[in-house]
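The structure under discussion appears below in the form of structure tokens.
Per chain, numbering begins at 1; letters A, B, ... match sequence-line order. Computed over heavy atoms, backbone and side chain alike; hydrogens, waters and symmetry mates excluded.
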Number of protein chains: 2
Amino acid sequence: MQLMETEMRIGELAARARVSTRALRYYEEQGILHSERTPSGQRVYGSSAVERVRLIQHLFSAGLASRTIALILPCVDTGHAPPEMLSSLHAERDRITTVIADLEQARRRLEQVIELTEHPTVEQCEIATDATSRTSVIVGASA
Amino acid sequence: MQLMETEMRIGELAARARVSTRALRYYEEQGILHSERTPSGQRVYGSSAVERVRLIQHLFSAGLASRTIALILPCVDTGHAPPEMLSSLHAERDRITTVIADLEQARRRLEQVIELTEHPTVEQCEIATDATSRTSVIVGASA
DNA sequence: CTAAAACCTCACGTTGACGTCAAGGGCAAG
DNA sequence: CTTGCCCTTGACGTCAACGTGAGGTTTTAG
């Protein structure tokens, strides 16, 4: 079977999108990635599938479940959603927003530790010798 | 056994931090949450444990593994890290940064869908009737 | 034409963060 | 003293996102 220039089989897509072939078959099983088939049954993808898989990866790494992704991908494709889905979309957006906030808070804490370790200050040295106020300095920094 | 005013047992901590008692015992098992014990073996926590558990939850929801959390929590407590840990801290911070970027991208896509669904535009209606350019509008919006 | 590489479909294994019983101990109220 | 609720330690179950073969077919390189 001869493929078009812009077409590829599962191995090439996996290499280009930096995922395993198993993951791609799993995505298809979950209904979030579709493929054409050759007469003999091998999967064929267009070149746009690379971006598609990257998007899926982003959504996964964003903590979305495959069912949620299956829910919103068609909306992303068509650019609109059935009105009864709007509440789910709002809920997902809000969930993402709080996760981002949590992540930013965690990152700030990490950066404080990095900063203090790389550039210890006089203040920091005083703190280090004053056991009673240790936890209130960094842990309490978000209050 | 009579507890101090500021102390609590596992059930109250679970209620205040909105997690299960199972989760709290799991955190202890993983070395990321410590407890005192009464003579009879029951766990006792100070009031600061509530914030502690919330922090742990944030780190989990940020996608950090328990081993990673066990690694960085002492640094967050003391406000500094052993220099040989700096590379791990940098790596974690960078990982968090890319996850945040992925999340923001995902959220932008979601918000576009929400916006177009709630306030359909003329442009949107044209797109909806022009099948050949569907995918390039939203999916290609990040290019 | 043949051998290797890539593909196919099951189907069981893995890991992390818990859920969920099971069998019992501790402690204030009636 | 017993009832009832909260606590204890195991230990097995679950779920998602794959990993990892088994066993067979298709495609490609020589």
Roughly, in whole Å, what's the span from [atom1] in [X] to [atom2] in [N]?
{"X": "B:Ile32", "N": "C:dG16", "atom1": "CD1", "atom2": "C1'", "value": "12 Å"}
{"X": "B:Leu24", "N": "C:dC18", "atom1": "CG", "atom2": "P", "value": "10 Å"}
{"X": "A:Ile69", "N": "D:dA16", "atom1": "CD1", "atom2": "C1'", "value": "11 Å"}
{"X": "A:Arg9", "N": "C:dA5", "atom1": "CZ", "atom2": "P", "value": "14 Å"}
{"X": "B:Gln42", "N": "C:dG24", "atom1": "CD", "atom2": "P", "value": "18 Å"}
{"X": "B:Glu29", "N": "D:dG10", "atom1": "CD", "atom2": "P", "value": "10 Å"}
{"X": "A:Leu13", "N": "C:dC8", "atom1": "CG", "atom2": "C1'", "value": "16 Å"}
{"X": "A:Met8", "N": "C:dC7", "atom1": "CE", "atom2": "C1'", "value": "16 Å"}

*Assess the side chains of A:Glu111 and B:His90: does a donor N or O sit below 3.5 Å from an acceptor N or O?*
no
Quick one: is [N] close enough that its OP1 or OP2 comes under 4.0 Å of any side-chain N or O from [X]?
{"X": "B:Ser40", "N": "D:dC7", "result": "no"}
{"X": "A:Ser66", "N": "D:dA17", "result": "yes"}
{"X": "B:Arg67", "N": "C:dG16", "result": "yes"}
{"X": "A:Arg22", "N": "C:dA11", "result": "no"}
{"X": "B:Tyr27", "N": "C:dC18", "result": "yes"}
{"X": "A:Tyr26", "N": "D:dA17", "result": "yes"}

Does any part of the side chain of [Y], heavy atoms only, come nearer than 4.5 Å to the side chain of [X], both counted from C-beta?
{"X": "B:Arg25", "Y": "B:Arg43", "value": "yes"}
{"X": "B:His34", "Y": "B:Tyr27", "value": "no"}
{"X": "B:Leu59", "Y": "B:Glu92", "value": "no"}
{"X": "B:Met8", "Y": "B:Val50", "value": "yes"}
{"X": "A:Leu64", "Y": "A:Ile72", "value": "yes"}

*From D:dA17, C:dT9, C:dC27, pick the nucleotide closest to the side chain of A:Ala65?*
D:dA17
*Taking the side chain of A:Arg37 as its heavy atoms from C-beta onward, which of C:dC18, C:dT9, D:dA17 lies nearest to it?*
C:dT9
*asked:* If you assign each of A:Ser20 and B:Arg43 to its closest nucleotide in DNA chain D, which residue comes earlier from the 5' end?
replied: B:Arg43
*asked:* Judged by each residue's nearest nucleotide on DNA chain C, which is more toward the 5′ side, A:Ile10 or B:Ala23?
replied: A:Ile10
*Along DNA chain C (nearest heavy atom to each residue), the more 5'-positioned of A:Arg25 and B:Phe60*: A:Arg25
*Answer yes when B:Asp94 and A:Arg107 have at least one side-chain N-carboxylate O distance shorter than 4.0 Å, and no when they do not.*
no
_Electrostatic pair A:Glu28-A:Arg37, nearest N-O below 4.0 angstrom_ = yes
*Bend angle of the helix from C:dC1-D:dG30 to C:dG30-D:dC1 from five-pair axes at both ends, rounded to 10°?*
10°
